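What follows is one structure encoded as structure tokens, with my remarks underneath.
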Amino acid sequence: MIEVERDAVPRIWLHIGMLKTGTTAMQQWCAEHEDELRRQRLLYVRVRKHLPACGPMADALARRGPEGEKLVAKVLGQIDEAGDGVDDVLISSEAFSHHGPHSLAPLVEALRGHEIFILIWLRRQDRFAEALYKQAVKWSGRTGNIEEFTRPGRLRQLDYTAFLQAWRKAFPDVGLIPHIYAEASSGKKPDSVAALLTAIGRADLIPANSAEWRKNLSPKGELIAHYNTIPSERGQSLRKANRQVMDEFGEVAAGRGDMLPPELARALMDHYAESNRRLREEWFPERSELFPPDVDVDADRSASTVDKAVLERFDGLFAAKTKG
């Protein structure tokens with residue numbers, strides 16, 4: 001947590017991800033409680049009222065088109081309207097970290113005069129790579145095998161030292177604050193709502209049930225393998241059916257650490273060992289180890305089998321949505 005003093009000009013917190021670090025849960029909680037947050041002097045910004053985060057602005061700014069300028073102006077209007085009634089402004093989209101620093105640059109420039117902080121959560125590379133693979137499959141269907149998708153060196157965003165260097169170079173006068181994502185396998189239940197509120201110095205706003213806000217769960221490996229047989233042209237039906245299945249079954253259909261072969265997981269961590277050493281040395285010197293070890297790896301893998309009812313429900317939903 002960073003300690004900052006109250007100021008007449010609200011501080012700006014730019015939460016840029018990464019993907020698969022509890023961003024959806026945090027964003028949906030903030031969106032559902034934005035009125036209460038506003039009464040507590042925290043402005044949570046949304047550029048589309050039907051969406052919980054600022055993804056459309058990040059995407060538009062990445063394209064460098066006029067739509068991005070309009071959405072930045074909309075954000076500035078919300079901040080101006082809030083006036084001295086807020087101490088903190090929170091703008092969130094994992095799309096910023098996906099697109100890169102150029103997507104955030106116009107917004108940072110427009111917010112000059114405020115104290116600005118960029119928040120980013122980093123996830124252990126083997127778990128992050130697996131989560132990205134699952135995300136790709138559940139979004140588009142047939143994606144190929146996980147070994148090729150996650151082979152060491154292919155996913156450049158997994159080199160966190162280089163990643164942070166690029167962002168610091170782009171914004172040398174902005175506070176860049178990385179955090180380590182807490183894996184469920186490390187024995188701690190992920191709580192992205194509490195983590196975010198603590199990071200911005202507003203731990204007083206953490207709800208009692210914050211750890212229960214878990215959204216966009218990753219399906220179990222067996223479900224992903226099933227999705228991987230679906231042609232990409234049926235991706236929209238796949239996404240809708242998967243979303244409904246995960247909403248209905250929740251943790252029963254969710255899995256983590258159940259797809260990436262152990263030897264490939266080790267190869268990934270070995271590949272980034274030097275980068276991680278420098279990352280801990282520069283950014284996390286207080287940590288005895290950068291990423292907490294798994295409490296029980298075998299438990300994740302043994303729980304990867306999907307109940308027959310889950311597969312049957314997905315097949316029924318997928319068939320209905322494909323016909324529709």
Side-chain angles (χ1 to χ4, degrees), residues 1-2 13-30 52-53 55 90 92-98 117-136 150 155-164 167 176-200 202-203 206 210-219 251 254-260 265 268-269 271-273 275-297 299-300:
M1 183 181 78
I2 187 167
W13 303 93
L14 303 174
H15 171 233
I16 65 171
M18 292 178 121
L19 291 162
K20 310 309 297 178
T21 59
T23 53
T24 301
M26 182 281 296
Q27 292 160 352
Q28 291 191 359
W29 183 85
C30 286
L90 175 58
S92 175
S93 175
E94 60 271 40
F96 286 120
S97 62
H98 175 73
F117 299 95
I118 296 175
L119 302 172
I120 177 76
W121 268 259
L122 307 174
R123 190 172 184 179
R124 207 178 76 191
Q125 283 95 342
D126 57 340
R127 291 299 171 90
F128 188 34
E130 180 185 90
L132 290 176
Y133 175 76
K134 287 186 172 186
Q135 183 78 3
T150 61
L155 300 170
R156 290 182 297 173
Q157 64 266 49
L158 269 60
D159 186 342
Y160 298 145
T161 297
F163 176 88
L164 292 177
W167 281 85
L176 178 60
I177 310 173
H179 296 267
I180 298 298
Y181 176 72
E183 296 283 352
S185 58
S186 68
K188 294 182 179 180
K189 194 170 187 178
D191 189 345
S192 59
V193 175
L196 187 282
L197 291 174
T198 300
I200 67 173
R202 297 306 307 270
I206 298 174
S210 59
E212 303 306 315
W213 277 80
R214 298 195 63 205
K215 306 291 182 180
N216 196 25
L217 297 172
S218 290
E251 288 285 353
R256 62 193 67 84
D258 59 353
M259 286 203 80
L260 197 64
L268 270 173
M269 297 311 295
H271 182 81
Y272 295 107
S275 174
N276 286 348
R277 183 194 66 77
R278 289 185 284 125
L279 180 71
R280 186 180 72 83
E281 187 177 88
E282 181 173 2
W283 295 95
F284 303 98
E286 76 286 356
R287 299 180 72 97
S288 59
E289 51 190 350
L290 187 62
F291 299 109
D294 289 330
V295 173
D296 189 351
V297 179
D300 286 338

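Quick caveat: nothing in here was measured; it's all calculated off a predicted structure. FYI, the numbering just counts along the sequence from 1.
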Legend entry - Those residues that, when tested against Asp191, pass salt bridge (Lys or Arg N to Asp or Glu O under 4.0 Å) (two or more places apart): none
Legend entry - Qualifying residues under side-chain contact (heavy atoms from CB on, under 4.5 Å), relative to Pro293, sequence neighbours excluded: Glu289
Inset, instruction - With rounding to the nearest 0.5 Å, note down the distance linking CD in Glu212 to CH2 in Trp29. - result: 14.5 Å
Legend entry - Minimal non-hydrogen separation, Leu19 against Ser97, with atom names: N-OG, 4.4 Å
Legend entry - side-chain contact (heavy atoms from CB on, under 4.5 Å) involving Pro178 - partner list, sequence neighbours excluded: Ile120, Leu122, Leu164, Trp283, Phe284
Legend entry - Where Thr161 and Ser275 come nearest, the two heavy atoms and their spacing: OG1-O, 2.6 Å
Legend entry - Any residue meeting side-chain contact (heavy atoms from CB on, under 4.5 Å) with Ala53, in chain and number order, not counting sequence neighbours: Gln27, Tyr44
Legend entry - Steps toward side-chain contact (heavy atoms from CB on, under 4.5 Å) verdict (Leu268, Leu155): CA-CA 10 Å; Leu268 270 173; Leu155 300 170; over 6 Å; no
Inset, instruction - For Ser93 and Gly55, work out which heavy atoms get closest and say how close. - result: OG-CA, 3.3 Å
Inset, instruction - First locate atom CZ of Arg202, then atom CG of Leu90, and finally report the distance between them rounded to the nearest 0.5 Å. - result: 11.5 Å
Legend entry - Check against side-chain contact (heavy atoms from CB on, under 4.5 Å), Ile177 and Trp13: CA-CA 10 Å; Ile177 310 173; Trp13 303 93; 4.3 Å; yes
Legend entry - Chi angles and distances behind the side-chain contact (heavy atoms from CB on, under 4.5 Å) call for Asn276, Met269: CA-CA 9 Å; Asn276 286 348; Met269 297 311 295; 3.9 Å; yes
Legend entry - Backbone N/O of Pro219 and side chain of Lys134: donor-acceptor pair under 3.5 Å: yes
Inset, instruction - State whether the side chain of Thr198 and the backbone N or O of Ala195 hold a donor-acceptor pair below 3.5 Å, judged by distance alone. - result: no
Legend entry - Which atom of Leu260 lies closest to which atom of Asp126, heavy atoms considered: CD2-O, 3.6 Å
Inset, instruction - Compare all side-chain heavy atoms of Thr21 with those of Glu94 and state whether any distance is below 4.5 angstrom. - result: no
Legend entry - With Ser210, the side chain to side chain contact (heavy atoms under 4.5 Å, CB included) member among Val193, Leu196, Leu197: Val193
Legend entry - Any donor-acceptor N/O pair, Arg280 side chain to Arg287 backbone, under 3.5 Å: yes
Inset, instruction - Please list, chain by chain and in numerical order, all residues satisfying salt bridge (Lys or Arg N to Asp or Glu O under 4.0 Å) with Arg278, sequence neighbours excluded. - result: Glu274
Legend entry - Glu251 side chain reached by Leu217 side chain, heavy atoms, under 4.5 Å: yes
Legend entry - For Arg123, all residues meeting salt bridge (Lys or Arg N to Asp or Glu O under 4.0 Å), sequence neighbours excluded: Glu183
Legend entry - Qualifying residues under side-chain contact (heavy atoms from CB on, under 4.5 Å), relative to Ala184, sequence neighbours excluded: Pro190, Arg256
Legend entry - Heavy-atom pair of closest approach, residues Trp167 and Leu176: CB-CD2, 4.0 Å
Legend entry - Residues forming a side-chain hydrogen bond (donor to acceptor under 3.5 Å, both in side chains) with Gln157, sequence neighbours excluded: none
Inset, instruction - Report yes if the side chains of Phe96 and Leu14 come closer than 4.5 Å at any heavy-atom pair, otherwise no. - result: no
Inset, instruction - Using a 4.5 Å cut-off on heavy atoms from C-beta on, say whether the side chain of Gln125 contacts that of Phe291. - result: yes
Inset, instruction - Determine whether more than 12 heavy atoms belonging to other residues, nucleotides or ligands lie under 6.0 Å from atom NE2 of His271. - result: yes
Legend entry - Set of side-chain hydrogen bond (donor to acceptor under 3.5 Å, both in side chains) partners for Gln28, sequence neighbours left out: none
Legend entry - Sequence-distant partners of Glu282, salt bridge (Lys or Arg N to Asp or Glu O under 4.0 Å), two or more places apart: Arg168
Legend entry - Any Tyr160 side-chain heavy atom under 4.5 Å of Met18 side chain: yes
Inset, instruction - Start with the C-alpha distance between Asp294 and Arg127, add both sets of side-chain angles, then the distance that settles side-chain contact (heavy atoms from CB on, under 4.5 Å), and finish with yes or no. - result: CA-CA 11 Å; Asp294 289 330; Arg127 291 299 171 90; 3.2 Å; yes
Inset, instruction - With sequence neighbours excluded, tell me which residues meet side-chain hydrogen bond (donor to acceptor under 3.5 Å, both in side chains) with Trp121. - result: none
Inset, instruction - Just jot down the ring pair (Phe, Tyr, Trp, His ring centres under 6.0 Å) partners of Tyr133, sequence neighbours excluded, or say none. - result: Phe149
Legend entry - Contact summary for Met26 and Ser92, nearest pair of heavy atoms: CE-OG, 3.3 Å
